[in-house]
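Here the structure is laid out as structure tokens; the discussion comes afterwards.
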Amino acid sequence: RLHLAAGEALESLSEDRRAGREAELARHFVEGDDPVRGLRHSLLAGTRAEDVFAHREAAHHYRTARDLARELGDNTHLRESLGKLGAALNLMGHYDEAEKTLEEAIQLARQATDLDGEMEAVIDLMRHAPERGRHVDARRWIEPLLQRLEDSPLSLRKLAFFDAYAYFLVQTMQFEDGLQIAEKTVEMAAALGDAHEVAGAKVRLGHLLLWHGRATEARSLLEPAVSYLEQADDLPEAMRAASLLAQVFWFSGDLCAAGSWRERALRLARQVADAAQVIYETCMLGYQQLRLGAMDEAWEAGQRALADAQALDQSTMTGAPLGLLATLSWMQGKSDELERYAGEMAALSEHSDEPWWRRHGDLTLALRDLLEERADRALARLESLFVETRLDIQEQTLYLPALAEAYLHLGNLDQAQQVLDVPLALQGRGMEGMLSDTLRVHAMILRAGGDLAGAETVLNQLLDQTRSMPYPFGEAQALAEYGQLEMTRGNPTGARQRVEEALAIFRRVSAYPFIERTQQTLAQIGPPLDKFQE
């Protein structure tokens, strides 16, 4: 009785005085055994919590609303509460419960021929399906809707569905289809005359353009979009745009701008409490530290992100910190840790539809094999990665140089050059920051083929790029190869100078296996000539 009286007293307040007290109203009516008003205010309380990104509190209210709707037999509000609960659970990283909840919402919406409700639930399902590694399962809900929406009238809900579908396609590396859908969503948003929706659609289109190697076009869409979306207080969409701009500058080699945008994206991810995005941005900042030679900070970022990822349900996002830590382990010669991280990435891929992390683990193992002069073993690992596999634009710059280097060490120059021609074609397309290994292996191939002048030109280009980023480890690798070039020319003094410069950098970044190999090269060159001998 007291709870009911308190609820009614609060409900009688003016709208301004009642605002912000939705959770109190919900509790009083639930405890006062008024399920109808308890349900209504629980939904409002959940929405209020979502407005400030308090996902856990929102989930609590939506669960209450779900249970009350079941008790009342109110399927309309049951569908609504299930959809909202699933969306909140996704953002918290509770993917298993989210999937079950959203699938129930979809089934109820279909039974009620509630097309808008079905679209809303499918949108939330496919937005996070790639993070769960379950995008094949998501297709059974997406494809029936695609057919039914083909001739349906244009609406904001239909636009939101295709916008989410474009994101789903890019996340599952279906870039051609994704680009077509993203272009379609921009047209739809423009036809609706909604500036906010146009900005959001352009974020998706920018994403697809980036993965088609059209970085300049992507940047021209994303920069105005992120400013507009922040001013419009659409922080989740602004977060995605900022993250993509960080990737644009990362690809181009402008680490200063990339870091600035990445920090902005991380700040927004924390603000909206998107657990998966916080992990991703933290890892990318770890790669930024790796590039800059701040290895302790890179390790710290990877380990922090891994601890956060392990708090989520089974998620492909765990692969991001594992990949960073595996790369660091390779660079610093921590072979046991490399094996462990690569094994965990392989296990992660076994439980998802996405083999990307297994491929990344195998790549780091192959890089170790190359460093240990076991090119045949590296080749076996790398060739297995390309069976029925299509590489995205970033993977081309990661895997193909390693494959070309393996062919080169085994004496197959023609095959090495043929493989390397693919990432070499990305020059001049805003990918300079990703081409360090490509240029280094290109110089090796040219040297092996007797084109020493060509090799020198490529190495000078590579040194300019790695120093301007800056990327100390890449610079050291270029200097070490320059030393090999000078040895081929019969210039031990020039070779020693280059190799000693490389050694100093490898020591600075604690790249122990590279230190050992560089010291061996110095021993082959022999002691420096004194002034008289020169």
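When a residue number appears, it is its place in the shown sequence, counting from 1.
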ask   = side-chain hydrogen bond (donor to acceptor under 3.5 Å, both in side chains): which pairs involve residues 319-334, sequence neighbours left out?
value = W299-Q332
Audit row: K184, E187, salt bridge (Lys or Arg N to Asp or Glu O under 4.0 Å) steps and yes/no = CA-CA 5 Å; K184 180 178 179 179; E187 292 172 3; over 6 Å; no
Check side chain to side chain donor-acceptor pair (under 3.5 Å) between [X] and all other residues, then give those that pass, not counting sequence neighbours.
{"X": "R291", "result": "none"}
{"X": "R374", "result": "D369, E372"}
{"X": "N460", "result": "Y482"}
{"X": "D234", "result": "H196"}

key: Sequence-distant partners of E197, salt bridge (Lys or Arg N to Asp or Glu O under 4.0 Å), two or more places apart   = none
ask   = Looking at residues at least two apart in the chain, or sitting in another chain, which of them share a salt bridge (Lys or Arg N to Asp or Glu O under 4.0 Å) with E516?
value = none
Side chains of [Y] and [X]: any donor to acceptor distance under 3.5 Å?
{"X": "R204", "Y": "T185", "value": "no"}
{"X": "R262", "Y": "Q247", "value": "yes"}
{"X": "E281", "Y": "S243", "value": "yes"}
{"X": "Y228", "Y": "E223", "value": "no"}

note = So the ring pair (Phe, Tyr, Trp, His ring centres under 6.0 Å) pairs with at least one residue in residues 434-460 (sequence neighbours excluded) are none
Over 12 foreign heavy atoms within 6.0 Å of CZ, R270 = no
What's the separation between atom [atom1] in [X] and atom [atom2] in [Y], rounded to the nearest 0.5 Å?
{"X": "F161", "Y": "I181", "atom1": "CZ", "atom2": "CD1", "value": "9.0 Å"}
{"X": "I525", "Y": "R496", "atom1": "CD1", "atom2": "CZ", "value": "6.0 Å"}
{"X": "W357", "Y": "L322", "atom1": "CH2", "atom2": "CG", "value": "8.5 Å"}
{"X": "L125", "Y": "R139", "atom1": "CG", "atom2": "CZ", "value": "12.5 Å"}
{"X": "T466", "Y": "L439", "atom1": "OG1", "atom2": "CG", "value": "9.5 Å"}
{"X": "Y399", "Y": "D392", "atom1": "OH", "atom2": "CG", "value": "8.0 Å"}

Look at [X] together with [Y] and state whether they make a salt bridge at an N to O cut-off of under 4.0 Å.
{"X": "E481", "Y": "R498", "result": "no"}
{"X": "D451", "Y": "R447", "result": "no"}
{"X": "R267", "Y": "E263", "result": "no"}

Between [X] and [Y], which heavy-atom pair has the shortest distance, and what is it?
{"X": "L268", "Y": "A242", "result": "CD1-CB, 4.5 Å"}
{"X": "H409", "Y": "A375", "result": "CB-CB, 3.6 Å"}
{"X": "G286", "Y": "A301", "result": "CA-CB, 3.7 Å"}
{"X": "A225", "Y": "V203", "result": "CB-CG2, 4.0 Å"}
{"X": "A478", "Y": "L459", "result": "O-CD2, 3.9 Å"}
{"X": "L255", "Y": "P470", "result": "CD1-O, 3.3 Å"}

Taking the side chain as C-beta and beyond, is there a heavy-atom pair between [X] and [Y] under 4.5 Å?
{"X": "P236", "Y": "D274", "result": "no"}
{"X": "R507", "Y": "Y512", "result": "no"}
{"X": "T397", "Y": "F251", "result": "no"}
{"X": "E456", "Y": "R489", "result": "yes"}
{"X": "R377", "Y": "R381", "result": "yes"}
{"X": "M487", "Y": "T521", "result": "yes"}
{"X": "L290", "Y": "M331", "result": "yes"}
{"X": "W211", "Y": "Q394", "result": "yes"}

Without placing hydrogens or testing angles, list every side-chain donor-acceptor pair under 3.5 Å for residues 423-435, not counting sequence neighbours.
from : atom 1 : to   : atom 2 : distance (Å)
Q427 : OE1    : Q461 : NE2    : 3.2
Q427 : NE2    : L424 : O      : 3.4
R429 : NH2    : H212 : O      : 2.9
E432 : OE2    : G428 : N      : 3.2

message = Walk me through whether F175 and L179 qualify under side-chain contact (heavy atoms from CB on, under 4.5 Å).
response = CA-CA 6 Å; F175 300 121; L179 183 60; over 6 Å; no
task = List the steps and the verdict of side chain to side chain donor-acceptor pair (under 3.5 Å) for R368 and S335.
result = CA-CA 8 Å; R368 182 194 61 183; S335 191; 2.9 Å; yes
key: Stepwise side-chain contact (heavy atoms from CB on, under 4.5 Å) check, D437 with Q477   = CA-CA 9 Å; D437 287 331; Q477 286 187 297; 3.8 Å; yes
Given 3.5 Å as the limit, does a donor-acceptor pair link the side chain of [X] with the main chain of [Y], or not?
{"X": "R508", "Y": "P472", "value": "no"}
{"X": "T488", "Y": "Q484", "value": "yes"}
{"X": "T364", "Y": "G361", "value": "yes"}

note = Residue set satisfying ring-ring contact (aromatic ring centres under 6.0 Å, His included) with F506, at least two apart, ordered chain then number -> F473, F514
ask   = What residues form a ring-ring contact (aromatic ring centres under 6.0 Å, His included) with H360, not counting sequence neighbours?
value = W356
Full working for salt bridge (Lys or Arg N to Asp or Glu O under 4.0 Å) between R358 and D362 = CA-CA 6 Å; R358 179 187 63 78; D362 284 345; 3.2 Å; yes
inquiry  = Please list all pairs meeting salt bridge (Lys or Arg N to Asp or Glu O under 4.0 Å) that have one or both residues in residues 398-421, counting only residues at least two apart or in different chains.
reply    = E405-R440
